[in-house]
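This is a predicted model, so every value here is computed, not measured. Every chain is numbered from 1 and lettered A, B, ... according to where its sequence line falls, protein lines coming before strand lines.
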Amino acid sequence: MVESKHKWKAWLYLSPAIILLLIFTVWPIINTVYMAFSEKYSMMEAFTGKQFTIGFGNFEHVLVKSVGTVGSDFFRALGNTAILCVITVPLSTILALLIAVCLNSIKPLQKLLQTIFFLPYVTNSIAIGMVFAAMFQVIGMAPDGSEAISWGLINEFLKVFGVDSIDWLGSTDGDYWANITVMVVYIVWNALPFKILVLLGGLQGINKQYYEAARVDSTSKFRVFRKITVPLLSPMISYVVITSFIGGFKEYSSIVGVFGEDMNGGRLNTMVGYIYTNIEKKQGYASAAALVLFVIIFIVTMINLYVSKKKTHY
Amino acid sequence: MSDINNTPETDVQETSAELNVTDVQETPGKPTITTMQEIDVQKTSQKQSVFKILGKIAIYTFLIVMAIITIFPFYWMIISSLKTAEEFRAVVPTLFPQMMDAANYTEVFDTSVRDFDILRLFTNTVIVGIVSTLLSLVITIFSAFAFARLEFKGKNALFAALLATMMIPGELFTVTNYVTVNYFGWLNTYTVLIVPFLVSVFYIYLLKQNFMQIPNELYLAAKVDGTGDFKYLCKVMIPLALPSIISITILKMMGAWNSYMWPRLVNTNPDYHLITNGLRNASFTAAEGNIPDTPVQMAAVALVSLPLFLVFIFLRKYIMKGVSRSGIKG
């Protein structure tokens, strides 16, 4: 090649990126593993030169001892995260697929609707979380939960269908699923734009000849959807599912947006939230939890890839 | 397929009616169709168009309902911000304010009411956003150029290693980075918000792909003319890859605007807070008690969202292009 004389030049161009990556990406990979296996690692003690015993103590704390502690129970955090993932990923994917297919089949208003559906993407998840809180908010709740000044917008809307008022954001034990419902609505609303964008892009890329052929064979619309659209779109669908699973396991700031930083007394804590609550004082626990999160995301992604490899048609 | 010639009366289905008509017309020499069939076909095609219209109505209804649901939170944000606190607390919520009032907005800017200095928060966020975007662009462009055009040993292995780091959840880095910035003594500075996130492997990847599409002949021609690498990069590659660079700029700026966890962790001093931290931490309660003063909160939320909407309106194309390839938010 022309450049063979000046190899050092390439490294010069790369040097800023490589230096920063070494400090903030490569070193963390090594050090986080080290901290995770250093029992009760604490940054402040490490700075004074303290040595830590190497062992599984941090993992034991995270996976065994934290169980049952209020607000810092790892399995509670894992459970919340998993529940949100399992509900929101299929729901938002199916809804996005329906919207994308419908959008793709119309001509007038298509551009306008497409723009509207993309709107939630460019939002601040904390700020709009507060708007969702305001919509579900019950104002002036009595301590026993019996009376309120106003039951709020969503409850008034549901009253039309004869649904009893619910304390959506409340923190008593019975309201857990109400809390989760609010989060599901918010997360799905927030997740739709990206999925619609990707799926619509995929749909527009499908060769029209397949549909022509189906029309000549007078295939029913549902069959066309099942036998042509879904298989040809499957790479996009599996991409969307994998990224939203990964995103779902990192859910945190949207919950802070709706419920505030204490996440209803830690009841709605997620895995990322668990890491952040330990990060300032107990870096050993935080590192162990981060490694567990990595392993979980890795396994889920591998399962997703395995399933989509079997079902995907390229 | 064209079973109209075999069993004409019975087998004309709704879905194939249109098709059969054309089939018959295109078959020369044969007697066209009987009157009975003609009526049948007409009936079925009428039926079909009715179905078609019903289907269209169903599709539009579904899309418009979903669009209303999508847009409603924004509507609720804006009208709530214009209501008085009393009206917001009314037993039956109003879908349109009885009395439009901008007082909530002036209250947001009043720093004496609560600990929420929106102008300082805006300034901090803009400083961090602009500086980190500019530095990040320089680093990204240089790296992408090296990977796309220059030859060196271990290029592919290095690039693969970079891509592999994208699989690791960011929180794993965050734990050590928190220790590192403590060690550097960077807490409560702008530096801590900017430097750790300057390199994005994804942006390097995005731009590298774009650079690779630029034909190599241009590069060789420039070499023959004695143009240096740097000049070539500035005069040819950057202008040609401008759309990607704009996408990266917008996504990076949006990232600064939306970042929440890291700033909260490393900057406890409110002087260095970013907009989202200020927004979440401020207590929007009415003076008379513990009842939340939601309209003022919504006014603050609307102000925070406004720049994002402006970006969306003017630069939607670039955002969509960058986003559809990333899968990451901000």
In terms of heavy-atom pairs under 4.5 Å with chain B, which of A:I128, A:I242, A:I126 leads? A:I126

What's the spacing between A:N124 CG and B:I275 CD1 if we round to 0.5 Å? 8.5 Å

Give, as side chain, backbone, both or neither, the part of B:F74 having an atom under 4.5 angstrom from any heavy atom of chain A. side chain

Hey, could you give me each pair passing side chain to side chain donor-acceptor pair (under 3.5 Å) that has a residue in residues 10-31 of chain A? Not counting sequence neighbours. A:N31-B:T176

Decide yes or no for B:F312 and A:F118: does some side-chain heavy atom of the first lie under 4.5 Å from some side-chain heavy atom of the second? yes

With a 4.5 Å cut-off on heavy-atom pairs, point out which of A:I116, A:I279, A:L293 contacts chain B the most. A:I279

Residue B:L135 versus chain A: region with a heavy atom under 4.5 Å: neither

Proximal component of A:F132, with respect to chain B [non-hydrogen, under 4.5 Å]: side chain

Go through the atoms of A:L112 and report whether side chain, backbone, both or neither lie under 4.5 Å from a heavy atom of chain B. neither

Which one wins on heavy-atom pair count under 4.5 Å against chain B: A:L21, A:I297, A:I18, A:I275? A:L21

What is the minimum heavy-atom distance between A:A10 and B:L150, and which atoms define it? CA-CD1, 3.5 Å

So which part of B:Y60 gets closer than 4.5 Å to some heavy atom of chain A, the side chain, the backbone, both or neither? side chain

Only pairs under 3.5 Å count here: list side-chain donor-acceptor contacts from residues 137-144 of chain B, not counting sequence neighbours, and write none if there are none.
{"residue": "B:T140", "atom": "OG1", "partner": "B:S136", "partner atom": "O", "Å": "2.6"}
{"residue": "B:S143", "atom": "OG", "partner": "B:I139", "partner atom": "O", "Å": "2.6"}

In terms of heavy-atom contacts, A:Y276 and B:L265 come closest through CE2-CD2, 4.1 Å

With rounding to the nearest 0.5 angstrom, report the CD1 to CG distance, A:I23 to B:N177. 10.0 Å

Please classify the contact of B:K155 with chain A as side chain, backbone, both or neither, using a heavy-atom distance under 4.5 Å. neither

Check whether more than 12 heavy atoms from other residues, nucleotides or ligands sit under 6.0 Å from atom CZ of A:F157, and answer yes or no. no

B:T70 OG1 to A:L119 CG distance, which is reported to the nearest 0.5 Å: 8.5 Å

A:V122 vs B:V311, test: side-chain contact (heavy atoms from CB on, under 4.5 Å). Steps then yes/no. CA-CA 9 Å; A:V122 281; B:V311 166; 5.8 Å; no

Write down the atom of A:S150, the atom of B:R89, and the distance for their closest heavy-atom approach. CB-O, 3.5 Å

So, taking the atom named OH in B:Y260 and the one named CD in A:E261, what distance separates them when rounded to the nearest 0.5 Å? 3.0 Å

Heavy-atom distance under 4.5 Å to chain B: side chain of A:M135, backbone, both or neither? both

As an exercise: rank B:G170, B:S80, B:P73 by heavy-atom pairs under 4.5 Å with chain A and give me the winner. B:P73

Turns out that what part of A:K107 lies under 4.5 Å from chain B's heavy atoms comes down to backbone

Using non-hydrogen atoms only, which part of B:A90 is less than 4.5 Å away from chain A: side chain, backbone, both, or neither? backbone

Any side-chain heavy atom of B:F173 sitting closer than 4.5 Å to one from A:T32? no

Determine whether B:V175 and A:Y41 make a side-chain contact, defined as any pair of heavy atoms from C-beta on separated by less than 4.5 Å. no

When the 4.5 angstrom heavy-atom criterion is applied to A:Y34 and chain B, the contacting part is neither

Does some side-chain heavy atom of B:E171 sit less than 4.5 Å from a side-chain heavy atom of A:F294? no

Among the options A:V33, A:V256, A:N278, A:L12, pick out the one with the most heavy-atom pairs lying under 4.5 Å from chain B. A:V256

Using 30° and 60° as the class boundaries, would you call the ring planes of B:Y183 and A:F47 parallel, tilted or perpendicular? tilted

With a 4.5 angstrom heavy-atom cut-off, which part of B:M167 approaches chain A: side chain, backbone, both or neither? both

Does B:V199 form a side-chain contact (heavy atoms from CB on, under 4.5 Å) with A:F24? I'd like the steps, not just the answer. CA-CA 9 Å; B:V199 186; A:F24 295 107; over 6 Å; no

At a 4.5 Å cut-off on heavy atoms, which part of B:S305 comes close to chain A: side chain, backbone, both, or neither? side chain

dist B:K52:NZ -> A:K221:NZ (nearest 0.5 Å) comes out at 7.0 Å

Give, as side chain, backbone, both or neither, the part of A:Y252 having an atom under 4.5 angstrom from any heavy atom of chain B. side chain

Any side-chain heavy atom of B:M66 within less than 4.5 Å of one from A:L98? no

I need the residue from A:T301, A:I99, A:L113 with the largest number of non-hydrogen atom pairs under 4.5 Å to chain B. A:I99

Please indicate whether B:F62 has more than 12 foreign heavy atoms, meaning atoms of other residues, nucleotides or ligands, lying under 6.0 Å from its CZ. yes

Inter-residue atom distance B:Y178.OH - A:E280.CD, 0.5 Å rounding: 4.5 Å

Does any heavy atom of chain A fall under 4.5 Å from the side chain of B:T180, the backbone, both, or neither of them? side chain

Of all heavy-atom pairs linking B:T294 and A:A134, the shortest is CG2-CB, 3.6 Å

Is the backbone N or O of A:T115 less than 3.5 Å from a side-chain atom of B:R316, with the two atoms forming a donor-acceptor pair by type? no

Which atoms of B:V304 approach chain A - backbone, side chain, both or neither, heavy atom under 4.5 Å: side chain

For A:P108, is it the side chain, the backbone, both or neither that has a heavy atom under 4.5 Å from a heavy atom of chain B? both

Greatest number of non-hydrogen atom pairs under 4.5 angstrom with chain B, of A:M271, A:M130, A:Q283, falls to A:M130

